[in-house]
Amino acid sequence: MREKELRFALICYGGISLAVYMHGVTKEIWRLAAASRAFHDGGGQHGSGAVYRDLLIAIAERGGTRLRVLPDIVAGASAGGINGVFLARALATGQSLDPLTELWLKDADVDSLLDPDARPLSAATKFWAVPIAGWMMKKRGNVIDRTVGEGAQDEVRAKLSRFVRARWFEPPFGGATFSHLLLDAFDAMEAGPQGPPLVPAGQPVDLFVSVTDFAGHRVTLSLNSPPRVTEDEHRLVLHFRADGRSAKPLDDVPSLAAAARATASFPGAFPPFTLRELDAVLEKRGVAWPGRDAFIRTQLPAGGEGDPADRVLIDGSVLANAPFRPAISALKQRPARREIDRRFIYIDPKPDYRAISIGKSGEVAESEAARLPGFLPTILGAMSEIPREQPIRDNVEAIEGMSRRIRRMQHIVDAMKVEVEEQVAALFGNTFFLDTPTTARLAKWRARAQEQAAERAGFAFSPYGHLKLSAMVEELVGIVDRLAPPEGDIHRTIRRQQFWDEVRARGLDRISGKRGAGASGDAATFFRTHDLGFRVRRLRFLARELDRVVEAKRDARDPACDAMRDTIYAALGLYLEREGDRWFADLDVPADADAGQWIEAIGARRDLIGADAAADALIAEGLGALPKDDRRALLLAYLGYPFYDIATLPLLQGEGFDEFDPIKIDRISPSDATAIRTGGAAAMLKGIEFNAFGAFFSRAYRENDYLWGRLHGADRLIDIVASSVTAEGALAGEELAAIKRRAFHAILDEEEGRLPKIAALIAELRGEIGPA
């Protein structure tokens, strides 16, 4: 069957107590990934996971596509950051998210989160605050009566009273208390069931957690005059990666706990975070943190005065509630050994909900649009609400810009095809040997085609060559920076300059040959030794041509095409494995090595020329198994690729995306998951109350939101998976509706015993969903 990957880059928004809802959603993403793994490995699943597995089986039986679902990029802020940390760890290690559910339901409670020093000591503590608490509950009374079951109303009022009588003008929730709860969650995952990792070996999992550097750190900007200035930067993104090619930073629990604690330090509710807080908590628990120095070196900004342990970090959603940008950056050089459908999926728990004001009579107050905001609303909006609610338009436009460049490139390739094929045919003629490629012939033809493409490009080759040279040098510098981390920004800048000095000393900046056409001998040798990107792009192009030119003419699945696709991706794997740091793990380079020594050592270790020979052997064998016309079409594409690359690489701004298809964006929210109910967050979620702190005041609230998170996750994920397969493989609407009903009932069956506070809701939902 045809293999295809549906890859998720998941963006988790902040939402304070709506973190419980997001736990439900991310739990379904984890179950879908586990079901995909089971589908490919022949294992079993239960609950909604069994339904997802059946969905993948139905897609395979209907259209012959074995779809692998792979969440491989996770970025989150605040409440979304916490959920992102746990999800990424579960994906990379094979641990279960199930043990976290009871912790969320039990411990995400105002009584558990209150700092011990902030709790009222008795009923008489701050007795004068009792009328204030009563006033607050009266003001919101209609909402509590309408949204909280009668059995939970006393609980909400009692906890609200204790919360109001807690200490004022200091954060009521405890920082150390929060850190202990996070470490308890990691311990629960460690002690819980564990299966195999949910990503294939060698496939990276990137985790990005946004935090806010309260004091800021100095960054340097280059101007015309003065040549260098510094500014304070407060945005900070903590990056963790597990890729099987290096150490496993997602196993560093204290570092992950630090990221989760820092990103969710909601201003006013939790105290700001410093490493000293975590140090004290770890000491109390008797837990060592061997990766502490590495965390400071790699995650916290360099420079500045004082101990890094005193750096103050607060909630990540203050400046970056939707951290799309780091997730977009992770797309570069991402391994892909089969057809990819890349999705950016963001979880927004309340996209259409805005808090309302209740007047003394219980009626909705005058519309905010009908009057100017007052003094305090203006200040609070500027400091908190506006930055947190800033639309993601810029991020969506950036993704669309990438997709637009890719589509434009495809149009240019289509327009060039006739001319390029004529050029290649003129180079080799209609020789008999062109129909019978061998390893030796393919290598010879490939070298000649590249030489002729460079010469016939004329003046266009020089900017193309310089663009490639720049990409190669920057990649080499990046490898060295990872293998031998620089001591700071100045060291990094000096090292980069040394590499460019070495390149110029070798005359490589003079790209063109003596006759002004094609590459100079030195440049050509350097490209053959170090231009990994070109090899990867060429094989990606060949895979697309197989899909668009050869397989598109088939009325049914053709095993010969599947075999050729496997051959192309096997050849691609020869190059992709040379991208990772693991390939250079034991590289023997002196501690005082200069740029030239590094360049030679990396080139020798990669041995791209040797990889070329192995790839030629694979491609020649694969082409030989195809019918003559198909073989010739793919051979013209393979040999003609240098002509295409010269035209399209400048358009792609040197990126050369590995996942070379337009990117789609999907959202998971109460407003989009409408298979059961409509009305958005206001109609279903309880945590939206009290300015999104609502679920901290009642277990019934948390049970409600967690259940809806799972149901909404299942609803949207089934839609997203189904949309990855079109034409004859697409599932009919009623078939999808039946799969959703099965998933909903499986979730209700699994959760009914764990959610006693919302038994009435579960009974209602069974009636609304209908029979499975």
Side-chain angles (χ1 to χ4, degrees), residues 1-10 28-45 47-73 91 195-203 205 331 334-345 540 543-544 546-548 551-552 554 556-559 561-566 568-569 572 658-666 668 713-733 735-740 742-743:
M1 287 189 176
R2 183 177 185 176
E3 295 266 344
K4 183 177 181 180
E5 287 186 0
L6 172 60
R7 292 189 177 181
F8 293 171
L10 187 69
E28 288 308 299
I29 294 171
W30 166 72
R31 286 189 177 274
L32 174 58
S36 173
R37 179 82 190 223
F39 168 63
H40 285 269
D41 293 350
Q45 287 286 291
S48 61
V51 180
Y52 297 140
R53 186 176 182 275
D54 290 346
L55 171 63
L56 297 175
I57 292 173
I59 290 172
E61 292 176 346
R62 174 69 60 85
T65 297
R66 286 179 61 83
L67 189 65
R68 183 187 296 272
V69 182
L70 193 63
D72 63 337
I73 301 173
L91 294 172
L198 301 185
V199 292
Q203 175 69 28
V205 175
L331 290 180
R334 204 144 194 91
R337 291 173 171 82
R338 54 187 58 85
E339 182 184 356
I340 301 297
D341 181 0
R342 165 60 70 183
R343 305 293 180 95
F344 270 66
I345 299 178
R540 294 258 183 259
R544 288 193 301 276
L546 174 65
D547 289 340
R548 300 175 62 201
E551 194 170 29
R554 304 292 199 269
R557 187 71 63 207
D558 186 348
C561 290
D562 292 335
M564 185 64 204
R565 183 177 294 102
D566 291 341
I568 293 171
Y569 282 109
L572 186 59
D658 282 351
E659 300 176 1
F660 218 73
D661 292 288
I663 301 164
K664 305 180 184 72
I665 304 176
D666 299 288
I668 297 178
D715 188 350
R716 293 293 294 131
L717 289 172
I718 290 171
D719 284 337
I720 291 168
V721 170
S723 70
S724 187
V725 182
T726 56
E728 71 275 6
L731 300 179
E735 193 172 0
L736 278 181
I739 291 172
K740 287 185 179 182
R742 283 187 54 210

Quiz item: Is Arg66 close enough and on-axis enough to Phe39, meaning under 6.0 Å and within 45°, for cation-pi?
Solution: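 Pair Arg66/Phe39 counts as cation-pi.
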Exercise: identify the closest heavy-atom pair between [X] and [Y]:
X      : Y      : value
Ile59  : Thr65  : CG2-O, 3.9 Å
Ser724 : Lys4   : O-NZ, 2.5 Å
Ala732 : Arg62  : N-NH1, 4.3 Å
Cys561 : Leu546 : O-CD2, 3.6 Å
Gln45  : Ala38  : CG-CB, 3.8 Å

Exercise. Only one of Val69, Asp72, Ile73 passes side-chain contact (heavy atoms from CB on, under 4.5 Å) with Phe8; say which it is.
Key: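 Of the listed options, the one satisfying the test is Val69.
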Quiz item: Under 3.5 Å, side chain of His40 to main-chain N/O of Leu67, donor-acceptor pair present?
Solution: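 Yes; at least one donor-acceptor contact below 3.5 Å.
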Quiz item: Sub-3.5 Å donor-acceptor pair from the side chain of Ser723 to the main-chain atoms of Ile720, do we have one?
Solution: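 Yes; at least one donor-acceptor contact below 3.5 Å.
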State which residues pass side-chain contact (heavy atoms from CB on, under 4.5 Å) with [X]; sequence neighbours excluded, sorted by chain then number.
X      : answer
Ala738 : Arg741
Ala714 : Glu28, Tyr52, Ala743, Phe744, Ile747
Arg742 : Val51, Asp54, Ala772

Quiz item: After noting the C-alpha distance and the side-chain angles of Arg716 and Asp719, does the key distance pass the side-chain contact (heavy atoms from CB on, under 4.5 Å) rule?
Solution: CA-CA 5 Å; Arg716 293 293 294 131; Asp719 284 337; 3.6 Å; yes
Quiz prompt | Partners meeting side chain to side chain donor-acceptor pair (under 3.5 Å) with Asp566 (sequence neighbours left out) | solution =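 Side chain to side chain donor-acceptor pair (under 3.5 Å) list for Asp566, sorted by chain: empty.
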Practice problem: Using the test side chain to side chain donor-acceptor pair (under 3.5 Å), find all partners of Arg37 that sit at least two apart in sequence or belong to another chain. | Solution: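 In terms of side chain to side chain donor-acceptor pair (under 3.5 Å), with neighbours along the sequence ignored, Arg37 is linked to Asp41.
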Looking at [atom1] of [X] and [atom2] of [Y], how far apart are the two atoms once the value is rounded to the nearest 0.5 Å?
X      : Y      : atom1 : atom2 : result
Lys740 : Ile718 : NZ    : CD1   : 6.5 Å
Ser36  : Glu5   : OG    : CD    : 8.5 Å
Arg544 : Ile568 : CZ    : CD1   : 10.5 Å
Ile663 : Arg343 : CD1   : CZ    : 11.5 Å
Arg7   : Ile345 : CZ    : CD1   : 13.5 Å

Practice problem: Take Leu198 and Val205, measure what side-chain contact (heavy atoms from CB on, under 4.5 Å) needs, and give me the verdict at the end. | Solution: CA-CA 10 Å; Leu198 301 185; Val205 175; over 6 Å; no
Quiz item: Between Met564 and Tyr569, is a side-chain contact (heavy atoms from CB on, under 4.5 Å) present by the stated rule, with each step listed?
Solution: CA-CA 9 Å; Met564 185 64 204; Tyr569 282 109; over 6 Å; no
Quiz item: How about Pro71 and Ile29: do any of their side-chain heavy atoms sit closer than 4.5 Å?
Solution: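 Yes, close enough: below the 4.5 Å cut-off.
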Quiz prompt | Contact check, side chains of Ile668 and Asp715, non-hydrogen atoms, under 4.5 Å | solution =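 With C-beta onward as the side chain, the pair stays apart.
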Quiz prompt | Stepwise side-chain contact (heavy atoms from CB on, under 4.5 Å) test for Leu731 and Ile739 | solution = CA-CA 10 Å; Leu731 300 179; Ile739 291 172; 4.1 Å; yes
